[in-house]
Amino acid sequence: MSERHRHHLLVRGTTCAAVAPGGDIHGVPGGGPDGLFVRDARHLSRWQLTVDGAFPELLAPAADEDADVVRCVLVPRGGRAEPPAYTLFREQAVTDGALVEAVRITSNRPVPTTLRAALTCDADFTDQFELRADHRTYAKPGAVRSRRVLDATDPECPGGGVEFTYRRGDWLARTTVTAVPAPDAVEETGTGARCLVWTLVLDAHASAELALTVTARPHGAPPPPRAPASPDAASRQLAAARRRFVSSVPLPADRPELAAACARGLADLAALQVPARGPDGEDLLVPGAGAPWFLTLLGRDALLTSLFVLPRLPGPAAATLTALAAAQATEATAGAAARPGKIVHEVRHGELAHFGQVPYGRYYGSVDATPLFLVLLGAYAERTGDTALVRRLEPHARAAVGWMLDHGGLGTHGYLVHRAEEGGAADRHWRDSPGAICGADGARPAGPVAVAGVQGYAYDALRRAAGLARAVWDDAGYADRLDRTAADLRSRFRRDFWMAGRGFPALALDGGGRQVDALASDAGHLLWSGLLDKEQGEAVGRRLLEPDFFSGWGVRTLASGQGAYHPLASHRGAVWPHDNALIALGLARYGLHDEAGTLARALVDAATAGAGRLPEALAGYPRTTHPTPIPHPHTSPRPSPTAATPVALLTATTPT
């Protein structure tokens, strides 16, 4: 069973709670996301409610697993001869840095009843990288966990409860669990967890209520805002943010399914906004990459998300550009794959990143984020006319161009290359699963690899930077040099990548300049960037809608019929909506409006089948034999580029 169906996800910014259908958290090792996560750490690993020493059974799970409040109904185990003595109602929601729960226990008996409610809780402060099944262990010398009971006199505690603390060197993280009314006792369990206990005396058919709040205090984070008093209050806060996002984008009344998908995606984006800082320390909100594992700034994901919504919602683009400029590399760092001018790939705030046990505190191992930064800057200027931001980011844009020419490979290889960095991980293209860059037979290329789609990004980046230099930075000479470099890249690409016998570009060139001949969806990215000439672009666009590419739900990452094809391989046959969004925009750019419409309708149908939400990826099985879309088994439930995809489809299919 997929993680999506094992847990309910509650998301707000950098906070994510993954709870079982009955509202509990079990903290099972290797069991996927299970707990309350804030800033890359698990701040709640056990949250188990019992009544009279037994776990109640689920009577009615939450009707909508995507609701902002998870509501469920539980009863004690029994039978027809002994109706349940009580009914337990649970409601849960998250806000920034907190989980809020309301518990109501109602007696079903006509006489007074005494019940013992107990809540077992614990916080293991495990780093997310320890939970993502990479089969690695990490030493934590000097780490100490402690617990203390809170009472009503504590200034941070409106009721009684318990505080969990984790220290390791200069690292300090805390979690507090508070309750109203205060528990009658806090008991040790023998496993390090604590058990909050209430003795509830209920009159006939009466109810008792518990208000529970879990507040995370991650290392290095500012004090969290006071949590709302109830799950409904927390839900109203998030609903207001969602309304602001959705109402800012006019939706097509004549296309209700597309409008519903756009509204669902925008609502998800509102919940995925995470904090970041600008070059002057200003507070920003940028698109987090996705729940549950990527509620942080990832360069490529934030850039693509911002590009998709830019024509109708420019705010995320301005925030993303400013945040990425602040995190841009200024010197070489081998372990983090940093080079001057390079745009960050991933920013992490967890314990392992803090102590350098994973390289992702600021990790620069991406070949495509830097050109996409320039593409977004140029597109933002064209959309908004905001020359002030373009002038402010001029040094960062020039540094990004410098990286492409000096370190990215354009100046030495003639292309941006996808290569291993000394002492660090490999540069990452969006096709980052093993064997994703391959020939038609599945053979992997050797040496520094130049992937086709990235060359399109580089071409577009150079052209847009040239336009900014000419129109805003008043540097015609620099603009001319960038235009010449872009023209040379386009000519060279047509010579080296185009497979004349197949009328299609190669997926990549290997280290020896040989074509990596798989037929892949990256060709559609070339349409989006405008790298192909009109004749080539039209041929490629029509080819992508042939049955071996087009499954009926979207364009496969790799055309079927090739030796490398696998319908369940992430990047060798699956259908990725954000990949298809770029293709749809590219089809529209080359005037292939019928094809763009066909592709958009297929993706909207897939979204409609998922209650308005697209999955991150779909299996590549054809729609003709599988009339309902099949989600890919190993994907993120809520990625931001996918959430933004319907808005990109709206742009691609709206006449200009």
Side-chain angles (χ1 to χ4, degrees), residues 1 5-10 17-28 31 34-36 44-67 69-93 99-122 159-162 177-191 193-214 230-232:
M1 184 179 294
H5 291 93
R6 279 205 302 264
H7 299 90
H8 296 287
L9 291 183
L10 296 166
V19 299
D24 281 350
I25 292 169
H26 304 284
V28 178
D34 186 16
L36 174 66
L44 189 66
S45 53
R46 284 188 70 185
W47 189 253
Q48 296 169 314
L49 187 62
T50 61
V51 179
D52 289 341
F55 290 100
E57 294 185 337
L58 191 62
L59 178 64
D64 180 3
E65 69 176 42
D66 296 327
V69 178
V70 170
R71 294 181 171 89
C72 57
V73 182
L74 303 102
V75 293
R77 179 175 296 183
R80 290 177 181 269
E82 186 180 355
Y86 66 85
T87 304
L88 190 152
F89 303 86
R90 301 183 77 171
E91 297 182 354
Q92 297 168 316
L99 169 69
V100 182
E101 176 164 352
V103 176
R104 178 164 51 91
I105 303 177
T106 299
S107 171
N108 297 323
R109 290 175 171 170
V111 297
T113 301
T114 299
L115 299 173
R116 183 181 188 271
L119 179 68
T120 301
C121 52
D122 198 6
V162 64
V177 178
T178 58
V180 178
D184 299 312
V186 178
E187 301 175 352
E188 296 188 15
T189 65
T191 63
R194 293 294 184 267
C195 185
L196 282 60
V197 180
W198 296 264
T199 299
L200 306 176
V201 180
L202 303 179
D203 291 335
H205 298 292
S207 298
E209 296 185 358
L210 306 175
L212 308 168
T213 302
V214 183
S230 69
D232 281 339

- line: Closest non-hydrogen atoms of Tyr86 and Pro56, given as atom of the first, atom of the second and distance, are OH-CB, 3.8 Å
query: Do the side chains of Arg116 and Leu200 get nearer than 4.5 Å, heavy atoms only?
result: no
message: Any heavy-atom pair between the side chains of Leu44 and Leu99 that's under 4.5 Å?
response: yes
Validation row: Gln92, Val69 side chains within 4.5 angstrom (heavy atoms): no
query: Taking side chain as C-beta onward, heavy atoms only, is Phe55 less than 4.5 Å from Asp24?
result: yes
message: Given 3.5 Å as the limit, does a donor-acceptor pair link the side chain of Ser45 with the main chain of Asp122, or not?
response: yes
message: Would you say that Val51 contacts Leu88 through its side chain, given a criterion of any heavy-atom pair below 4.5 Å between the two side chains?
response: yes
- prompt: What closest approach, in Å, do Asn108 and Pro84 show between heavy atoms, and which atom pair accounts for it?
  reply: ND2-O, 3.2 Å
- request: Go through the steps to decide whether Leu58 and Cys72 satisfy the test side-chain contact (heavy atoms from CB on, under 4.5 Å), and finish with yes or no.
  value: CA-CA 7 Å; Leu58 191 62; Cys72 57; 3.8 Å; yes
- request: Give the minimum heavy-atom separation between Cys121 and Trp47, together with the two atoms involved.
  value: CB-CE3, 3.8 Å
query: Which value, rounded to the nearest 0.5 Å, describes the distance between Glu188 atom CD and Cys195 atom SG?
result: 11.5 Å
- prompt: In Å and rounded to the nearest 0.5 Å, what is the CG to CG distance from Leu74 to Leu49?
  reply: 8.0 Å
field: Nearest heavy-atom neighbours spanning Ala102 and Pro231
entry: N-CG, 3.7 Å
message: Less than 4.5 Å apart, side chain to side chain, heavy atoms only: is that true for Val103 and Glu101?
response: yes
message: If I take atom CG from residue Leu119 and atom CD from residue Gln48, how far apart are they, to the nearest 0.5 angstrom?
response: 9.0 Å
field: Partners meeting side chain to side chain contact (heavy atoms under 4.5 Å, CB included) with Asp184 (sequence neighbours left out)
entry: Trp198, Thr199
message: Please report the interatomic distance CZ(Arg104) to CD(Glu209), rounded to the nearest 0.5 Å.
response: 6.5 Å
query: Between the side chain of Asp34 and the main-chain N/O of Val19, is any donor-acceptor distance below 3.5 Å?
result: no
query: At their closest point, which heavy atom of Leu202 faces which heavy atom of Ser207, and how far apart are they?
result: CD2-C, 3.8 Å
Minimum side-chain heavy-atom gap Val177-Leu196 below 4.5 Å: yes
query: Can you check whether Thr191 reaches Arg46 side chain to side chain, under 4.5 Å on heavy atoms?
result: yes
statement: Taking every heavy atom of Thr120 against every heavy atom of Ala193, the minimum-distance pair comes out as CG2-CB, 3.9 Å
query: Taking only residues two or more places apart in sequence, or in another chain, which ones meet His205 in a side chain to side chain contact (heavy atoms under 4.5 Å, CB included)?
result: Pro110
message: Asp52: which residues meet the salt bridge (Lys or Arg N to Asp or Glu O under 4.0 Å) condition with it, sequence neighbours left out?
response: none
query: Could Asp203 and Arg109 be called an ion pair, given the rule that one side-chain N must be under 4.0 Å from one carboxylate O?
result: no
